[in-house]
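Report on the following structure.
Each ligand, and each atom within it, is numbered from 1 in the order the structure gives. Predicted model, so just to flag it, every value in this text is computed and none were measured.
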Amino acid sequence: MIWHKQWIFGNWKMHGNLADNARLLQQLSTINNNNAHIGIAAPFPYLLQAVDLVKNNSIVIGAEDCSRFADKGAYTGEVSATMLADCGADFVLIGHSERRTYFNENNEILRKKIDNALACNLIPILCVGETLPQRQSGQETAVVAEQLAVLQGLSVNHIAVAYEPVWAIGTGQVANSEQIAAMHAFIYQEILSILGENVTIRTLYGGSVNANNAAEILSIDKVDGALVGGASLKADAFAEIIAHAKTE
Ligand code: 13P
């Protein structure tokens with residue numbers, strides 16, 4: 001992983017098929033922006049395909065989740081961090097809001113996933129963010145602080161977090177620059193106080209990032225990249241977002 005560039009990472013969620021993935025990754029492989037570190041979080045069955053298709057360039061591939069259980073065992077349906085690393089993944093999303101919502105993932109579960117990822121040299125990207133009622137009642141920083149508390153006691157010198165306000169995901173309603181700037185500054189400050197002043201941080205913004213708003217979002221202080229859902233499924237839109245990345 002490259003820590004001094006802006007990360008433009010796609011999260012395919014439950015989308016894709018072999019033919020579409022191949023076309024998309026081949027188009028992405030031709031993109032040339034030295035300022036961007038490009039990554040794709042793919043569904044489990046497509047990890048090997050994705051790793052194979054990007055192996056001759058600098059795109060990194062990761063998973064959208066990993067098991068709370070370590071290594072291997074009688075856990076039907078689960079996929080361990082060990083298996084992801086074995087397939088050539090470099091990173092894994094942890095605690096995406098869709099997993100928190102539909103699978104009741106809490107800090108206890110998420111900490112196990114983070115520990116498992118780190119034990120396999122996968123970079124965990126911890127996703128945090130408040131719901132609309134939480135923001136409307138002024139609780140957004142308290143909610144995000146509670147989510148970041150999962151990092152307490154970790155011994156790492158690099159950490160990646162994605163701030164994804166739940167109300168901005170897939171809605172077309174992007175957070176405004178002031179909201180993003182304030183939360184990213186808060187996340188930096190929290191991480192430095194939890195993990196120490198020497199930790200290297202990447203804080204990505206996610207939530208309705210598209211070709212039209214990427215330039216503004218990526219120019220906000222302490223926005224170290226973007227985690228892109230819907231727009232990462234279209235090569236042209238994703239390429240336009242990537243074109244706005246800048247070296248810091
Ligand atoms: P959208 O870009 O589709 O809003 O999704 C954001 C997201 O959830 C990325 O993880």
Side-chain angles (χ1 to χ4, degrees), residues 1 6-16 20-21 24 28 36-44 46-47 50 59-66 84 89-103 105 110 113-114 117 122-132 134-135 140 143-144 147-148 159-177 179-180 183-184 187 202-218 220 223-245:
M1 306 288 275
Q6 282 194 317
W7 290 10
I8 311 296
F9 279 31
N11 172 12
W12 284 357
K13 308 193 180 184
M14 198 169 76
H15 293 283
D20 288 349
N21 303 344
L24 183 53
L28 295 184
H37 184 38
I38 304 170
I40 296 291
F44 295 138
Y46 302 131
L47 276 177
I59 297 175
V60 289
I61 300 296
E64 301 171 13
D65 182 37
C66 69
L84 301 180
D90 285 309
F91 71 92
V92 55
L93 304 183
I94 301 286
H96 190 282
S97 65
E98 287 147 17
R99 301 219 48 95
R100 294 177 191 264
T101 302
Y102 301 128
F103 303 95
E105 293 189 350
L110 296 177
K113 295 185 177 203
I114 292 170
L122 293 173
I123 297 297
I125 302 181
L126 175 68
C127 303
V128 299
E130 79 287 355
T131 63
L132 191 56
Q134 287 166 339
R135 176 163 283 272
E140 65 274 14
V143 168
V144 170
Q147 294 169 335
L148 290 172
I159 195 77
V161 170
Y163 170 54
E164 303 202 300
V166 178
W167 47 274
I169 295 177
T171 59
Q173 190 191 346
V174 72
N176 68 38
S177 298
Q179 291 168 326
I180 297 173
M183 188 59 86
H184 279 238
I187 290 171
R202 291 288 85 180
T203 302
L204 318 184
Y205 171 79
S208 296
V209 177
N210 60 38
N212 298 324
N213 58 29
E216 183 179 346
I217 292 169
L218 291 170
I220 298 170
V223 172
D224 305 313
L227 185 55
V228 184
S232 73
L233 298 169
K234 298 178 211 103
D236 292 352
F238 198 50
E240 276 192 64
I241 296 168
I242 291 166
H244 293 296

For this session: Mind telling me whether His184 and Tyr163 have parallel, tilted or perpendicular rings, with 30° and 60° as the class edges?
Result: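 Ring orientation of Tyr163 relative to His184: perpendicular.
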
Output block, N or O contacts of ligand 1, threshold 3.5 Å exclusive:
| from | atom 1 | to | atom 2 | distance (Å) |
| --- | --- | --- | --- | --- |
| ligand 1 | 2 (O) | Gly229 | N | 2.9 |
| ligand 1 | 3 (O) | Gly230 | N | 2.9 |
| ligand 1 | 4 (O) | Gly170 | N | 2.6 |
| ligand 1 | 4 (O) | Ser208 | N | 2.8 |
| ligand 1 | 5 (O) | Lys13 | NZ | 3.3 |
| ligand 1 | 8 (O) | Lys13 | NZ | 2.8 |
| ligand 1 | 8 (O) | His96 | NE2 | 2.8 |
| ligand 1 | 10 (O) | Asn11 | ND2 | 3.0 |
| ligand 1 | 10 (O) | His96 | NE2 | 2.9 |
| ligand 1 | 10 (O) | Glu164 | OE1 | 3.1 |
| ligand 1 | 10 (O) | Glu164 | OE2 | 2.9 |

So, using ring-ring contact (aromatic ring centres under 6.0 Å, His included) as the criterion, who are the partners of His96 when residues are at least two apart?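 Not a single residue meets the ring-ring contact (aromatic ring centres under 6.0 Å, His included) criterion with His96.
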
**Asked** For Glu164, which residues count as a salt bridge (charged side-chain N to carboxylate O under 4.0 Å, His left out) partner, sequence neighbours excluded?
**Response**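 Salt bridge (charged side-chain N to carboxylate O under 4.0 Å, His left out) check on Glu164 returns nothing, list empty.
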
Can you name the residues that form a side-chain hydrogen bond (donor to acceptor under 3.5 Å, both in side chains) with Ser177, not counting sequence neighbours?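 Here the qualifying residues are Glu216.
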
Test item: Gln134 and Val166 side chains (from C-beta on) under 4.5 Å apart, heavy atoms:
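The answer is no, as the side chains (C-beta and beyond) never meet within the 4.5 Å cut-off.
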
- Full working for side chain to side chain contact (heavy atoms under 4.5 Å, CB included) between Ile40 and Leu24: CA-CA 11 Å; Ile40 296 291; Leu24 183 53; over 6 Å; no

